[in-house]
Peer 1: 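I am attaching a structure below and will ask some questions about it afterwards.
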Amino acid sequence: TVDYWRNTALSAIEDAIAKTKTPAKAWEVIQSRQKELYLKDSSMKEMMTSMVMQALGRPLEKVNGFARVNNAAATYDGLVDAIAAKETCKDVLKEAGWSEFEDFEEACFDPSDNASACGFLTNQDRHNMYQIFFTRSVKTDEDGTKDISEESYGLMKELRGMLGVSEEEGVGQIRNFFGPELQIVLTDATEEILRGNTTDALLTNLKENVDKVINDYKLDEEMVRSYAGPLYNRAVEEIGSNTPGGIPSVEEVETLSFLRTLLNISEEETYDVHLTTFGTAYKKAIKEALGTTGVIREEYREPLDDLRARLGMSDEAAKEIYMEAIGERMKPMVEFISNEMERLVLTKDQLAQKRGTDFGEDYFKDGSKASGKLGLGTDGNIMSDIMTLIDFYIENGIVQKAVVGTKKIEKKIPADEEGGEEKTITEEEPIYESTYPITATGMGCIDTQVAELCYRQFVVSSFTDQSPNAARYEASKATFGGILGLTAEKMEEIGSNIGGMVYDNYITQAMATKSALDQQDMMFLANMQGKLGISAEKGEEMLLDTQKKIISEEASALFDSGSATPEKVKEFREKCNSMGMDLETDVGLTKSRLVNMFSMEITPGIDSGEITMDSADVLAEIQESLGLTEEEGEEVVAGLITERANGILADIVGCMLRGMDAVAVESMEKLVQYAAFVDGDLGLNVEESNANKAFNLFESKDWTGVDTKVVEKQKSLLKTAFGMSA
């Protein structure tokens with residue numbers, strides 16, 4: 001059944017290819033046979049693909065035989081017929097309306113699929129057939145001009161799809177064939193331009209010659225550019241090699257401009273070759289402009305800009321060359337400062353080890369020997385050299401400003417008329433950040449450790465200097481740090497380290513005579529922040545750290561020496577509270593020590609009767625300020641009272657044995673005072689006889705002037721304390 005349909009389909013397709021049936025009639029026959037045999041469309045599609053491949057493979061196989069024996073005429077004619085056959089097959093399948101065949105070439109001419117219409121052909125066979133077809137498509141007119149017609153271009157495109165030849169390979173074929181023609185016309189035109197005396201008329205005539213070749217051969221823009229670029233580059237190099245000083249004349253610059261127009265090359269595309277050819281001359285000009293001072297004067301800046309434009313370099317490339325020239329001038333300045341810094345802070349042996357050289361009796365430039373200090377001092381005078389470097393950097397315009405964000409500001413708008421209201425408006429202003437394209441560490445002329453030492457030395461000197469230059473030093477700290485290549489975070493860290501010592505010394509001295517810093521102290525510290533480049537947040541952190549350190553040392557001195565008294569403990573606690581310090585987390589006191597402080601401070605008050613049950617707010621204030629919980633406070637009070645109660649009970653019993661009843665009653669009054677804190681439950685173990693005797697004495701004491709309720713309350717507390725029934 002299937003074979004019957006296949007024979008019908010193949011025959012119908014071949015009839016359509018032979019033009020004995022129309023595509024529509026061929027499909028009608030195929031579809032009619034499908035219905036007779038009850039075949040589904042899904043089965044039909046796969047079988048139809050096979051029939052089409054078979055129908056198209058036969059003519060290609062025949063043509064391949066011609067191509068292998070170099071029968072160009074038969075190959076060309078056979079391929080034209082094969083293309084026509086393919087179009088007929090497409091028309092037949094269009095009648096079916098199947099989407100699977102919308103991209104016909106992809107469906108039927110896959111060179112990697114052996115079952116496809118061209119799958120049986122080798123790669124060499126396919127390219128050989130296309131090469132023969134291409135060559136036969138090129139026609140030569142009476143003038144000897146070679147040309148490919150529009151029709152032939154269309155056929156070649158169709159053939160590439162059938163033979164699996166890529167567009168890139170097709171373009172390469174055209175380039176290989178017509179490239180020499182294009183090369184000749186472009187080279188002749190370029191040489192004519194380089195002869196000089198270029199006019200608009202000459203440019204127009206030459207461009208017409210070039211455009212004719214491009215249009216006649218339908219050459220793509222990419223191909224033209226591949227030939228034009230090298231010609232222009234050689235022209236630039238030729239001018240550069242024959243120009244005195246490597247700088248082209250005005251006429252030569254104009255010639256290159258004409259050449260770019262002829263070759264249709266933009267100025268941006270030529271930046272690289274101009275940089276390679278003329279970059280050295282531009283760099284030399286910059287170095288000459290730097291002169292002996294190292295700073296390019298204002299009158300030289302515009303000529304340098306004009307030279308850059310004349311040399312045809314991009315702004316970015318010119319800027320890079322400028323930075324290179326500046327960097328080469330800056331490098332020895334940085335190396336000198338680095339060497340002086342090392343000699344300032346290292347001993348002779350350390351310096352010799354670092355540099356691998358024995359310096360003998362090494363001297364500073366002012367004649368002094370190496371100081372041998374392992375820390376920083378201010379005795380080495382490198383400040384003038386550093387300021388020279390900073391001036392060089394700034395005056396040559398190397399520091400760049402970049403917008404990193406915006407901020408909102410309020411502006412006052414005066415009233416429009418007398419008596420009107422002043423308005424306030426909010427505007428956004430850009431936030432700028434300085435960037436340093438050339439840095440000492442970036443150039444590798446100073447290592448990070450020495451760079452940090454140099455910055456530290458500069459900050460210390462700016463802080464301690466009392467000369468008129470002090471303000472200038474202070475204002476230049478961030479710039480010097482940027483030139484060295486230090487980050488803002490590293491600069492603040494170094495400033496903070498110095499500031500930490502300043503803060504520590506100053507606050508320690510100030511707090512030796514007062515419990516808290518006053519306004520004058522805070523103003524001094526704020527001034528130090530500005531001088532050392534410390535942020536307000538960091539300054540506040542350093543202040544708190546120093547205060548914590550001082551208070552911690554004071555706590556150690558108070559408690560470790562054994563000199564703590566209730567009065568001193570209270571004074572210390574109140575001092576910490578006034579400074580907003582937590583005794584456990586900030587000062588570092590343990591929980592047990594805080595409990596001891598609470599016990600020590602409340603004991604005199606409880607013993608003297610100043611602290612009673614009515615003094616709960618006093619106990620709570622002390623407990624909370626020490627960071628103790630309510631339960632912890634109650635536990636301390638209960639333990640203290642229980643300890644005291646046992647001692648008092650012993651006194652009461654002893655006094656009764658000795659007949660000192662009045663003294664015993666006084667002790668019972670103290671016991672009642674303690675019992676009030678725990679509702680009488682003192683946990684005492686009292687013999688019944690002693691309890692009864694003591695209570696009778698207490699009950700018999702003089703109660704004159706005491707409120708009845710108070711009397712009954714005290715008797716009740718004593719009974720509970722003695723374990724007597726109510």
Side-chain angles (χ1 to χ4, degrees), residues 511 515-517 540-541 543-649 669-685 710 713-714 716-718 720-723:
M511 294 189 68
S515 61
L517 300 178
E540 185 176 344
E541 180 185 331
L543 172 60
L544 184 60
D545 288 344
T546 302
Q547 288 177 322
K548 287 179 182 179
K549 177 184 174 185
I550 294 171
I551 292 297
S552 296
E553 291 173 351
E554 188 176 329
S556 298
L558 176 64
F559 296 110
D560 295 345
S561 65
S563 62
T565 63
E567 293 76 16
K568 289 182 178 180
V569 167
K570 180 181 180 181
E571 181 183 351
F572 178 74
R573 174 180 62 80
E574 291 177 342
K575 181 177 182 179
C576 292
N577 293 159
S578 68
M579 297 171 66
M581 289 193 182
D582 185 280
L583 288 162
E584 185 174 6
T585 58
D586 293 335
V587 182
L589 298 182
T590 63
K591 181 67 72 173
S592 61
R593 175 148 287 175
L594 294 174
V595 169
N596 290 337
M597 288 176 65
F598 181 63
S599 177
M600 186 179 292
E601 189 171 343
I602 66 174
T603 296
I606 291 177
D607 289 345
S608 66
E610 291 180 15
I611 298 177
T612 65
M613 279 299 295
D614 297 329
S615 308
D617 55 339
V618 175
L619 289 172
E621 187 272 328
I622 298 173
Q623 163 231 309
E624 289 173 1
S625 67
L626 288 170
L628 300 177
T629 64
E630 185 177 348
E631 291 76 13
E632 289 170 335
E634 290 175 353
E635 186 178 341
V636 172
V637 173
L640 180 64
I641 288 172
T642 300
E643 180 185 343
R644 289 287 194 275
N646 283 310
I648 293 173
L649 176 61
E669 289 174 348
K670 176 70 71 177
L671 188 65
V672 168
Q673 180 183 323
Y674 287 151
F677 283 97
V678 290
D679 293 330
D681 186 11
L682 293 172
L684 299 176
N685 186 15
V710 174
K713 178 66 176 175
Q714 289 189 7
S716 176
L717 287 170
L718 188 60
T720 304
F722 284 164

Peer 1: Does Q623 have any side-chain contact (heavy atoms from CB on, under 4.5 Å) partners at least two apart in sequence or in another chain, and if so, which?
Peer 2: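 By the side-chain contact (heavy atoms from CB on, under 4.5 Å) rule, Q623 matches F598, L628, E630.
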Peer 1: Taking only residues two or more places apart in sequence or in another chain, which ones pass side-chain contact (heavy atoms from CB on, under 4.5 Å) with A645?
Peer 2: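 side-chain contact (heavy atoms from CB on, under 4.5 Å) check on A645 returns L671, L682, L684.
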Peer 1: Hey, is NZ on K713 packed in by over 12 heavy atoms from elsewhere, all under 6.0 Å?
Peer 2: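 Not buried by this count: 12 neighbours or fewer within 6.0 Å.
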Peer 1: Are more than 12 heavy atoms, taken from residues, nucleotides or ligands other than N685, located less than 6.0 Å from that residue's CG atom?
Peer 2: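 Atom CG in N685 is not crowded, with 12 or fewer foreign heavy atoms closer than 6.0 Å.
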Peer 1: What pair of heavy atoms forms the shortest contact from F572 to L589, and how long is it?
Peer 2: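 For F572 and L589, the tightest heavy-atom pair comes out as CE2-CD1, 4.2 Å.
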Peer 1: E669: what forms a side chain to side chain donor-acceptor pair (under 3.5 Å) with it, not counting sequence neighbours?
Peer 2: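 Residues passing side chain to side chain donor-acceptor pair (under 3.5 Å) with E669: K701.
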Peer 1: Over all heavy atoms of both residues, which pair between L640 and S599 is shortest? Give the atoms and the distance, please.
Peer 2: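 Taking L640 first and S599 second, the nearest heavy atoms are CD1-OG, 4.3 Å.
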Peer 1: How far does CE of M597 sit from CD1 of I622, to the nearest 0.5 angstrom?
Peer 2: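 Answer rounded to 0.5 Å: 10.5 Å.
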Peer 1: How would you list, by chain and number, every residue that makes a side-chain contact (heavy atoms from CB on, under 4.5 Å) with N577, sequence neighbours excluded?
Peer 2: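 side-chain contact (heavy atoms from CB on, under 4.5 Å) check on N577 returns R573, S625.
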Peer 1: Quick check on K670: does its NZ atom have over 12 non-hydrogen neighbours (other residues, nucleotides or ligands) under 6.0 Å away?
Peer 2: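 It does: K670 NZ has more than 12 such atoms within range.
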Peer 1: For E632, what residues pass the side chain to side chain donor-acceptor pair (under 3.5 Å) criterion, not counting sequence neighbours?
Peer 2: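 With neighbours one apart ignored, the set is T629.
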Peer 1: For the residue pair A564 and V569, what are the closest heavy atoms and their distance?
Peer 2: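 Between these two residues, the closest heavy atoms are CB-CG2, 4.2 Å.
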Peer 1: Just how far is it from atom CE of M600 to atom OG1 of T565, taken to the nearest 0.5 Å?
Peer 2: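 Between M600 CE and T565 OG1, I get 8.0 Å after rounding to 0.5 Å.
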Peer 1: Answer yes or no: is there a side-chain heavy-atom contact under 4.5 Å between L649 and F722?
Peer 2: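 Of all side-chain heavy-atom pairs linking F722 with L649, at least one is under 4.5 Å.
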Peer 1: Mind checking the CG-OG1 spacing from L583 to T590? Nearest 0.5 Å is all I need.
Peer 2: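 L583 CG to T590 OG1: 11.0 Å, rounded to 0.5 Å.
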Peer 1: To the closest 0.5 Å, what do you measure between CD (E621) and CG (L626)?
Peer 2: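 Output value for this atom pair is 8.5 Å.
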Peer 1: Taking only residues two or more places apart in sequence, or in another chain, which ones meet T642 in a side-chain contact (heavy atoms from CB on, under 4.5 Å)?
Peer 2: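 In terms of side-chain contact (heavy atoms from CB on, under 4.5 Å), with neighbours along the sequence ignored, T642 is linked to N646.
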Peer 1: Of L718, T720, I648, which meets side-chain contact (heavy atoms from CB on, under 4.5 Å) against V672?
Peer 2: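 With V672 as partner, L718, T720, I648 yield a single side-chain contact (heavy atoms from CB on, under 4.5 Å), made by L718.
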